[in-house]
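All remarks here apply to the structure that follows.
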Amino acid sequence: MKAYEKDTSAAAVILSDYGYSYFNLNGALKLVFERHTRIKILKKSGYDWATVELPFYRKNGDKEVITSVKGFTYNLENGKIVKEKLESKAIFDEKLDENHSKKKFTMPNVKEGSVIEYSYTVSSDFVYTLNSWEFQTTIPTVWSEYRAKIPEYFDYKFLQNGYHSFYSSKKDVAASADVNLKNEAYVWAMKDVPALQEEKYITTLSDYQARLDFELQQVKVPGEFPRVMTGNWQDVIKKLMEEERFGTQLKRSGFFKNEIAAIKAVHKTPEAQVEAIYNLVKSTVKWNGRHGYYTTNTTRKAFDSKTGNSADINLLLTAMLLEADIAASPVLLSTRQHGRVYKGSPLLSKFNYVIAYVKVGEKELLLDATEPFLPVGMLPYRCLNGDGYIIHTESHRWVPLKPTGNYTTFCMGELSIDANGEMKGKVSESNTGYSALYLRENIKDEGEEKFAEKRNKEVGDIKFGKPTISNLADLNKALNIVYEFTGMGNGQNNDVLYLNPMLSKGEKENPFKLQERTYPVDFGHPLDETYMCKIQIPAGYDVDEAPKSIAVTLPDNGGKFTYILERNGAEIQVMSKISINRPIYYAEEYQYLKEFYNQIVAKHAEQIVLKKSN
């Protein structure tokens, strides 16, 4: 095979991947996992697949042990298969931290066209942890099969993830070394699994990966009461509230009592107090870019050092709100890059971030004080990921992590063109919601001067002047940018003039390039982009050709694109409006979205043709 015909871009392909887990009851109970993998290397960029890293873990005397590592590389030389063995001296262990290590090896003599094969066994004392099986990786897989032989004592829940269905899935009763013990034998297989590809508007790739996860519900040993293995939220919350770097920090308020008293003296309504406390935390403690739901040290230390992680900042915010007698609680969530949260039993490892929940009257707000340009009640893009969990001993529950605003831009342009093709005009941009947030962050990161310099440039034949920015610090107002522009003509009188009315503001390419998409499209927030322009045409010219007005809608009121062009004497008015009404569109709606953007790109590329009157 020179290329994999189902995906000719693939640098390597997994020919077969077999896994088998079973419990060894000889002496001490062990969980054993065996794996055998074959991979075809097709291109130099696929050589990374010849380096294999196998993680293993130890804690409190229990450990995982990797044995029986074997490997061969097969090459075709002069029509004959040449087999080269992985030598034991090429296999070594690397310690990562106190509990985690990895076994690492690189297959010998790998070339384009090689087939590599390796196998190993893991023996584990962690008998209650059946690891996930990944049917899908970033290269295609021809065949992936996982077998598990599970004693009847163990009651597992099987959680299928991803968008690729099983080729086969079977269950049997299997023999056991112990005649009194029944084993349940399972086989799951997938065939022709495509590569996982990074695509636009997704959360994290692992959310879409074809994978089987296992969750042990209970252990039922004969003669004993069943042991429930999954936790419940009451227990998790009790433990969190007793935790030094979580619940204890909510009770430490002595160091900011004066600040809260001063806020309450000035601001009399709960709404005003919430905003004032939120702004105080934002301006006092700078986020260090780290995620977490446990504080680095104490909120006092973060307050004094003026820096901290997301927990330092948002647990401090929650504690201050509580001190002001405002109903507030922490909310655990998983960021978009960390992945989706499974809502079954509570697993703290599935969360990586904390924000604050506030109830004022009938109004509920979610607050994150890590970003200086976030208005009160608005969440950063990274937090717009499904639901979070309110940590409160009585009223704990899931809460949706919804965007409170859209990504909204309004652009108004005025331009005139003369017979030489020279243009001049002015553009006013107004940004609110997430558009204003991203722009403010961009201006802060680059500095106002550098941002202005970047905007003050030429795009094609158009030269944009230095912009004037207003309301940069006033988060309750639209962020406005105003600039002038000129376009060079050819210095001579033209019979025909061409003009794109979008002035470089149009959509240049379709973000949706795949033929088919199995993942949802997750914008994070709705989108609203409006562009209007008034064009003065020179005397003695007529409109020979102009884009036709159209309206394109997505099914179920999912979105709309409107393009209107009208002529009124010597003035042409153009309006383009794109509305994406929902944050998430499912795979079956992908073709509609793709065609929707095809129409936008095509329409935005159309030109007005002006012809000299006879």
>> Could you walk me through whether Arg397 and Trp233 satisfy the side chain to side chain contact (heavy atoms under 4.5 Å, CB included) test, starting with their C-alpha distance in whole Å, then the side-chain angles of each, then the deciding distance to 0.1 Å, before giving a yes or no?
In response: CA-CA 9 Å; Arg397 61 182 169 86; Trp233 275 111; over 6 Å; no
> Between Glu364 and Tyr357, is any side-chain donor less than 3.5 angstrom from a side-chain acceptor?
Replying inline: yes
> For Ala478 and Ser430, which heavy atoms make the closest approach, and how far apart are they?
Replying inline: CB-OG, 3.4 Å
> Counting N and O atoms only, with roles assigned by atom type, does the side chain of Glu589 sit under 3.5 Å from a partner on the main chain of Tyr586, one being a donor and the other an acceptor?
Replying inline: yes
>> Tell me the closest heavy-atom pair linking Pro270 and Val360, and the distance in Å.
In response: CB-CG1, 3.6 Å
> Just checking, any donor-acceptor pair under 3.5 angstrom between side chains of Asn431 and Thr409?
Replying inline: no
>> With no hydrogens and no angle check, just 3.5 Å: does a side-chain donor-acceptor pair link Thr370 and Arg382?
In response: yes
> Without hydrogens or angle criteria, can the side chains of Asp368 and Tyr353 be said to hold a donor-acceptor pair below 3.5 Å?
Replying inline: yes
>> Regarding Tyr407 and Glu529, do their side chains bring together a donor and an acceptor under 3.5 Å, going by distance alone?
In response: no
>> As a test of understanding, state which of Thr203, Asp522, Asp207 forms a side-chain hydrogen bond (donor to acceptor under 3.5 Å, both in side chains) with Arg336.
In response: Asp522
>> Please check this pair: side chain of Asn279 against backbone of Glu275, looking for a donor-acceptor N/O pair closer than 3.5 Å.
In response: yes
> Do side-chain atoms of His604 reach the backbone of Glu507 as a donor and acceptor pair under 3.5 angstrom?
Replying inline: yes
> Does Ala473 offer a backbone N or O that forms a donor-acceptor pair with the side chain of Lys477 under 3.5 Å?
Replying inline: no
> Does the side chain to side chain contact (heavy atoms under 4.5 Å, CB included) test come out yes or no for Ile355 and Leu333, once each step is laid out?
Replying inline: CA-CA 8 Å; Ile355 57 173; Leu333 63 85; 3.7 Å; yes
> In terms of ring plane angle, is the pair Trp188 and Tyr186 parallel, tilted or perpendicular, where the classes change at 30° and 60°?
Replying inline: parallel
> Can Lys191 be said to sit on top of Tyr167's aromatic six-ring, NZ or CZ under 6.0 Å from centre and within 45° of the ring axis?
Replying inline: yes
> If you take all heavy atoms of Ala328 and Leu321, which pair is closest and at what distance?
Replying inline: CB-CB, 3.7 Å
>> Within a 6.0 Å radius of atom OH on Tyr592, are there more than 12 heavy atoms belonging to other residues, nucleotides or ligands?
In response: no
>> Any carboxylate oxygen within less than 4.0 angstrom of a Lys/Arg side-chain nitrogen, looking at Asp528 and Lys577?
In response: yes
> Has the side chain of Lys548 got a donor or acceptor atom that lies under 3.5 Å from a matching backbone atom of Ala546?
Replying inline: no
>> Using modelled atom types and a 3.5 Å cut-off, is there a donor and acceptor pairing between side-chain atoms of Asn406 and backbone atoms of His525?
In response: no
>> Ring centroids only, cut at 6.0 angstrom: are Tyr208 and Tyr519 within range, meaning strictly under it?
In response: yes
> How close do Ile481 and Pro467 get, heavy atom to heavy atom, and via which atoms?
Replying inline: CG2-CB, 3.6 Å
> Judged by modelled atom types alone, do His396 and Tyr389 share a side-chain donor-acceptor pair under 3.5 Å?
Replying inline: yes
> Under the 3.5 angstrom rule, does the side chain of Asn471 hit a backbone N or O of Asn480 as a donor-acceptor pair?
Replying inline: no
>> For the aromatic rings, using the six-membered ring if either is Trp, is the centroid distance between Phe135 and Tyr146 under 6.0 Å?
In response: no
> Run the side chain to side chain contact (heavy atoms under 4.5 Å, CB included) check on Gln573 and Asn568 step by step: do they pass?
Replying inline: CA-CA 8 Å; Gln573 292 188 349; Asn568 187 3; 5.7 Å; no
